[in-house]
Amino acid sequence: MDLLGLDFGLDRLVELWNGAVNYSVPLLLPTVGATLVAAFAYFVGGWVLRRVQRRLAAKTETDLDDELVRAIRHAFRFTVVAWALWRIIGLWVPVLGAENAEGTWVPYATQPRDWVWGIWIAVVFFPLSRFVGHVMRSFETRVISRTSDTALDETALPMINRFVRFLVIALGLLLAMTHLGLEIAPLLAGAGVAGLALSLAAKDTLSNLIAGVLLIMDRPFQVGDRIELWNAPQETGTWGDVIEIGLRATKIRNPDNLVVVVPNNEIMRRDIINYTMSGEDIRLRIPFSCAYESDIERAKVLLKEAAGEVEGVKLDPAPIVIVRGFGPSEVNLQLRVWIQEARNRRRIADEITEKAMVKFAEADIEIPYPKRELYIKGGGAEGLS
């Protein structure tokens, strides 16, 4: 039988079969032996390390040692499997090579059995990355929570944790590529060129990412703070509560339950007004005006009474009223009061203004408005005929 130019006659098939048997029979026993040894070490070693992990968990309060033993157990099992594959491939796959110019056969520097250890290096860095991430999370919860009252760990530390874990995995891949005989320098050069092109193409995105990192580090506000909005939709509230601080943008919910997504780069370029950062107590300045003919001292007393009747206004320090200046037809007053909760400033200002308007009307204190008075001078009609 001739198939695609190859001779598959019975004699040829018998010859191939005999060659395969003669080649494989001497290798079966070493292969089975390596498999059994690897299986024994895999299960017994894993069982011993698991027992050690349980005993450490019972004796210590921290779980860092548990994670360390878990990482060692995973690395040990990967090593056992890699050794078994290395042994079996070394038995079954001959040494590869090629003839040089002088006709001498030269083996390759990297053989198929060496690839196993290159892959093992890349794989074993994953449990190592997990252990490093767990150490950083433990540092976050045990150290920073005791030494700082800020909520830095809510956003910044998880991001740093992921970045460090990525670096560990990247280091493992680079070491694996080196062991596999791959040249890293051209790859790094290509990555640098690609990174430059990407940075030019996505400069706005990168600017927002950098601003997000600076925003997380400087912390002019945090999740839950109430800040002022700059580009709020028309006929909606001009302030809102921060609900999420991301690497690219910050999400703010305004009083109309609309979520405004503001790029971080825009936030870093503006003045940030934070109503809750310094605490719950803030001072309100509410402008009023009354006519020149009105009793100014009486108007001051009424404004203080109106402020004292509103829930949330602090009486210590007491509200004060000052004269800010004079207008074309009014005296400009300003009521200054301290309130207990910064989030209620809009409601408190609205209630004080409403009560003041009622009290001004009851006390006949005129609230000025644009008006004109015309005086007509009368004259005689003697000259008229």
Side-chain angles (χ1 to χ4, degrees), residues 225-241 252-258 260 270-384:
D225 282 353
R226 179 160 293 182
I227 65 175
E228 192 74 18
L229 290 170
W230 310 281
N231 297 322
Q234 294 184 357
E235 305 300 329
T236 62
T238 60
W239 50 269
D241 295 331
I252 305 170
R253 178 182 286 113
N254 73 352
D256 298 321
N257 201 29
L258 299 177
V260 182
R270 295 179 178 269
D271 295 335
I272 300 174
I273 303 175
N274 193 327
Y275 293 108
T276 56
M277 184 177 184
S278 59
E280 294 296 333
D281 298 348
I282 64 170
R283 186 168 68 172
L284 294 184
R285 298 168 180 251
I286 307 175
F288 294 94
S289 60
C290 59
Y292 283 103
E293 296 81 6
S294 302
D295 187 349
I296 304 299
E297 293 301 323
R298 178 60 178 166
K300 290 183 177 181
V301 173
L302 294 177
L303 289 177
K304 295 178 182 179
E305 292 178 356
E309 296 174 0
V310 175
E311 181 182 359
V313 175
K314 299 183 66 174
L315 301 181
D316 184 19
I320 62 173
V321 180
I322 64 172
V323 177
R324 291 286 295 172
F326 304 98
S329 58
E330 76 278 354
V331 178
N332 295 318
L333 306 177
Q334 186 181 81
L335 172 65
R336 298 180 178 180
V337 297
W338 284 89
I339 63 175
Q340 297 176 355
E341 295 185 8
R343 298 181 183 278
N344 294 330
R345 65 186 188 90
R346 301 282 184 175
R347 176 189 62 81
I348 292 175
D350 177 71
E351 293 184 10
I352 291 177
T353 303
E354 182 179 355
K355 290 181 179 294
M357 183 178 64
V358 175
K359 290 181 178 293
F360 278 10
E362 293 175 351
D364 293 330
I365 295 179
E366 181 181 356
I367 298 176
Y369 54 90
K371 59 182 179 180
R372 291 184 178 181
E373 295 183 359
L374 299 179
Y375 296 92
I376 301 177
K377 184 177 180 181
E382 291 81 359
L384 299 177

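Position 1 is the first residue of the sequence; numbering continues from there. Computed over heavy atoms, backbone and side chain alike; hydrogens, waters and symmetry mates excluded. A quick note: this is a predicted structure, and the numbers were derived from the prediction, not measured.
- Using a 4.5 Å heavy-atom threshold, the side chains of Asp241 and Arg343 count as touching.
- With rounding to the nearest 0.5 Å, the separation of CD1 in Ile365 from CZ in Phe288 is 12.0 Å.
- Annotation: side chain of Phe360 is in contact with side chain of Leu303 (closest heavy-atom distance under 4.5 Å).
- The two residues Val313 and Pro319 have their closest heavy-atom pair at CG1-CG, 4.4 Å.
- Here the NZ atom belonging to Lys300 is positioned 11.5 Å from the CG atom belonging to Leu335, to the nearest 0.5 angstrom.
- Scanning for salt bridge (charged side-chain N to carboxylate O under 4.0 Å, His left out) contacts around Glu341 gives an empty result, with sequence neighbours left out.
- In this structure, the side chains of Trp239 and Ile252 stay at 4.5 Å or more apart for every pair of heavy atoms.
- Across all their heavy atoms, Ala356 and Ala306 have their closest contact at N-CB, 3.9 Å.
- In this structure, CG in Asp281 is found 3.5 Å from NZ in Lys314, a value given to the nearest 0.5 Å.
- Looking only at side-chain heavy atoms (C-beta outward), Arg346 and Asp350 stay at 4.5 Å or farther from each other.
- Listed here is the closest heavy atom pair of Arg226 and Asn274: O-OD1, 3.6 Å.
- Taking each heavy atom of Ile296 and Ala291 in turn, the nearest pair found is CD1-O, 4.3 Å.
- Note that CD of Glu305 and CD1 of Ile352 are 13.0 Å apart. Values are rounded to the nearest 0.5 Å.
- Salt bridge absent: Lys355 and Glu351 never bring a charged side-chain N and a carboxylate O closer than 4.0 Å.
- Within 6.0 Å of CZ in Arg253 there are 12 or fewer heavy atoms belonging to other residues, nucleotides or ligands.
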Please set out all donor-acceptor pairs under 3.5 angstrom arising from side-chain atoms of residues 323-334, sequence neighbours excluded.
from   : atom 1 : to     : atom 2 : distance (Å)
Gln334 : OE1    : Arg336 : NE     : 2.7
Gln334 : OE1    : Arg336 : NH2    : 3.1

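- Of the possible donor and acceptor atoms, one in the side chain of Asn254 sits under 3.5 Å from a partner among the backbone N and O of Leu258.
- Put simply, CD on Gln340 and CG on Leu315 are 8.5 Å apart, with the number rounded to the nearest 0.5 Å.
- Taking each heavy atom of Ala349 and Ile286 in turn, the nearest pair found is CA-CD1, 3.9 Å.
- Counted within 6.0 Å of CD on Glu354, heavy atoms from surrounding residues, nucleotides or ligands total 12 or fewer; the atom is thus considered open.
- With rounding to the nearest 0.5 angstrom, the CD atom of Glu362 is 10.0 Å from the CG atom of Asp364.
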